[in-house]
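Beneath this line is the structure, given in structure tokens, with notes to follow.
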Amino acid sequence: MAHVPGSSFVEKVFTTDQIIRVGIVGAGEVAQTTHLPTLGLLSHLYKVVALCDVSQKLLEHCAAKFHLSKEDLHLEASDLIKRADVDLVLVIAADEYHASVAVQAADAGKHVFIEKPMTLTTKDAQDIIDAQKRNNVIIWIGYMRRYAAAFVEAVKIVKSMKKIEYARVRDIIGYNYLFVNQSGFFPVRFSDIPDSAKDDLKARSQAAALASLGEERASNPGEVSTWRLLCSLGSHDLSAMRELLGPPKGVLGAGRHGTWITALFDYGDFVTTYETGHDSVGSFDAHLEVYGDGKRVRVDYDTPYVKGLPITLTIAESDASGAYVERVIRPTYEDCYTLQFQALHDAIVGKGPVKCTPEDAAQELRTIGLVMDAITPP
């Protein structure tokens, strides 16, 4: 029988010189649908040894589902961080806690992964930057879309363009539950969160809005909702836009209506349109497209909650005869969470760079501020 490359007839073993021991702070929907399953499949690179959340019932559920013992569960992040068997702390708790947990972990000598957005305020961002420098540890911000193979290739093409005419960034998607409910991961939530934890989160959220928006805008629920949408879903788009095109010079104009936001970014020689919003249609329309040098370069994303959906690169142009030619490239079926954690492991063991650093992620706060100021001047 002829040998088929990559077939099961050939022994294939994944090994590494160093398995990174992980403690996760936050066991909510993102942990259950993406990080815990992905790290479990990357067992040759990572081992989850500890989990923290304010919900005891959620901890017990995740322990049973993801094979953790009772000794691995913590209600306080400080107890997880001080464990000697934790090399890397994943901070995927509420955004309001990212800075305090990350700084505490870095000061304990741990490497840190922070789910996007890194922080909600410039002060918290600077605290994280200072903690990374002070402790010489890796602090990695989880902009996984920037690790997609199609996006990495698009960056190379766009950077080589002599002249960009126009660009578009679009992220109009159905509400998360439309995809999460079909993901096959069956995330759960419980109501046993202490009132003290709810009150603390509310106070931190209000303080962050006040620090970032000022008193008048922070007292307006519509302004706060727009700001939080930009900090959450929008930070993915703005981070990828910045790697692809560089930071914008300013915002020519912006508007919002409910969950919909539109902005025009000034890049000097060209303009980039940004549009984002949520609705009840189960569609994930997220892409970046650049027009220039006689071609169009586009990266299309699908929902990350369903593992293995391809992220594609499309290059459209006219050939010498004038015929329209479109190439759709699917570099891999590997999802960008997997690619991101592989790159993080390389960085921790000294075999690769850190692209999404705290200094890098702090730039999103500037861009978000520009959009907010264009919508409603402070």
Side-chain angles (χ1 to χ4, degrees), residues 94-99 114-129 141-143 145-146 167-173 175-176 201-268 270-279 285-288 356 358-378:
D95 301 341
E96 290 82 354
Y97 294 91
H98 286 187
I114 307 174
E115 186 53 85
K116 63 80 194 162
M118 179 175 70
T119 66
L120 298 172
T121 70
T122 55
K123 180 187 180 301
D124 282 349
Q126 190 59 52
D127 286 346
I128 292 174
I129 291 169
I141 315 305
Y143 286 117
R145 291 188 188 184
R146 292 170 60 184
R168 181 174 66 227
V169 180
R170 180 183 175 97
D171 207 341
I172 296 177
I173 63 176
Y175 294 110
N176 278 349
L201 175 61
K202 182 178 179 181
R204 287 172 179 254
S205 179
Q206 291 173 340
L210 182 62
S212 296
L213 298 176
E215 185 174 356
E216 183 175 351
R217 292 188 297 183
S219 65
N220 184 322
E223 298 286 346
V224 174
S225 177
T226 298
W227 170 64
R228 291 303 295 254
L229 178 59
L230 289 169
C231 288
S232 55
L233 177 64
S235 66
H236 270 311
D237 311 317
L238 302 176
S239 179
M241 180 185 79
R242 185 170 45 77
E243 182 173 350
L244 192 67
L245 303 171
K249 297 179 181 297
V251 175
L252 298 172
R256 69 114 194 277
H257 180 74
T259 62
W260 302 87
I261 303 169
T262 304
L264 293 176
F265 290 109
D266 178 14
Y267 274 88
F270 64 95
V271 171
T272 296
T273 302
Y274 174 56
E275 49 187 351
T276 187
H278 287 296
D279 63 12
D285 182 6
H287 67 260
L288 303 93
C356 298
E359 291 91 342
D360 174 89
Q363 295 185 63
E364 267 56 79
L365 294 175
R366 169 188 174 269
T367 308
I368 290 168
L370 291 173
V371 175
M372 289 303 301
D373 289 349
I375 293 173
T376 307

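Just so you know, residue 1 is the first one in the sequence shown, and it goes up from there.
Applying the side-chain contact (heavy atoms from CB on, under 4.5 Å) test between T226 and each of T376, T259, I375, I368 identifies I375 as the sole match. Among I114, D95, I141, L365, the single residue meeting the side-chain contact (heavy atoms from CB on, under 4.5 Å) criterion with T119 is L365.
Minimum interatomic distance between I172 and E275 (heavy atoms only, all atoms of both residues): CG1-O, 4.3 Å. Residues A99 and I128 approach most closely at CA-CD1, 3.8 Å, considering heavy atoms. Across all non-hydrogen atoms, the minimal contact from Q363 to P247 is OE1-CB, 4.4 Å. Residues Y267 and G246 approach most closely at OH-O, 2.7 Å, considering heavy atoms. Contact detail for A125 and A362: the closest heavy-atom pair is CB-CB, 4.2 Å.
Residues that satisfy the side chain to side chain contact (heavy atoms under 4.5 Å, CB included) test with D373, not counting sequence neighbours, are R217, P378. A search for side chain to side chain contact (heavy atoms under 4.5 Å, CB included) contacts involving L370 returns V251, R366, not counting sequence neighbours. In this view, Y97 satisfies the ring-ring contact (aromatic ring centres under 6.0 Å, His included) rule with no residue, not counting sequence neighbours. Residues passing the ring-ring contact (aromatic ring centres under 6.0 Å, His included) test with H287, sequence neighbours excluded: none. With sequence neighbours excluded, the residues forming a side chain to side chain contact (heavy atoms under 4.5 Å, CB included) with K123 are T121, D127, listed by chain and number. Under the side chain to side chain contact (heavy atoms under 4.5 Å, CB included) criterion, S205 pairs with E96, R228, not counting sequence neighbours. In terms of the salt bridge (Lys or Arg N to Asp or Glu O under 4.0 Å) criterion, residue partners of R168 (sequence neighbours excluded) are, by chain and number, E289. In this structure, the salt bridge (Lys or Arg N to Asp or Glu O under 4.0 Å) partners of D171, at least two apart in sequence or on a different chain, are R145. In this structure, the salt bridge (Lys or Arg N to Asp or Glu O under 4.0 Å) partners of R204, at least two apart in sequence or on a different chain, are D200.
In this structure, the side chain of Y143 does not engage the main chain of A361 through any donor-acceptor pair within 3.5 Å.
The shortest distance between side-chain heavy atoms of D285 and R170 falls below 4.5 Å. Contact check for W227 versus N220: no side-chain heavy atoms found under the 4.5 Å cut-off. By the 4.5 Å heavy-atom criterion applied to side chains, C231 and K116 are not counted as neighbours. Looking at P248 and M241, their side chains come closer than 4.5 Å, going by heavy atoms from C-beta outward. Proximity of I173 to L233: side-chain heavy atoms (C-beta onward) are separated by under 4.5 Å at one or more points.
Residues R242 and T367 bring no donor and acceptor atom of their side chains to less than 3.5 Å of each other.
One distance of note links CD of E364 with OG of S239; it measures 4.0 Å at 0.5 Å rounding. One finds the CD atom of E243 at 10.5 Å from the CG atom of L288 (value rounded to the nearest 0.5 Å). Separating the CG atom in L229 from the CD1 atom in I261 is a distance of 4.0 Å, to the nearest 0.5 Å.
Sorted by first and then second residue, the pairs that involve residues 245-260 and meet salt bridge (charged side-chain N to carboxylate O under 4.0 Å, His left out), not counting sequence neighbours, are E223-R256. The ring-ring contact (aromatic ring centres under 6.0 Å, His included) contacts involving residues 247-266 comprise nothing, where partners must be two or more places apart or lie in separate chains.
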Which atom pairs, donor and acceptor, lie under 3.5 Å between side-chain atoms of residues 206-215 and protein residues at least two apart or in another chain?
from	atom 1	to	atom 2	distance (Å)
S212	OG	L120	O	2.8
S212	OG	A208	O	3.3

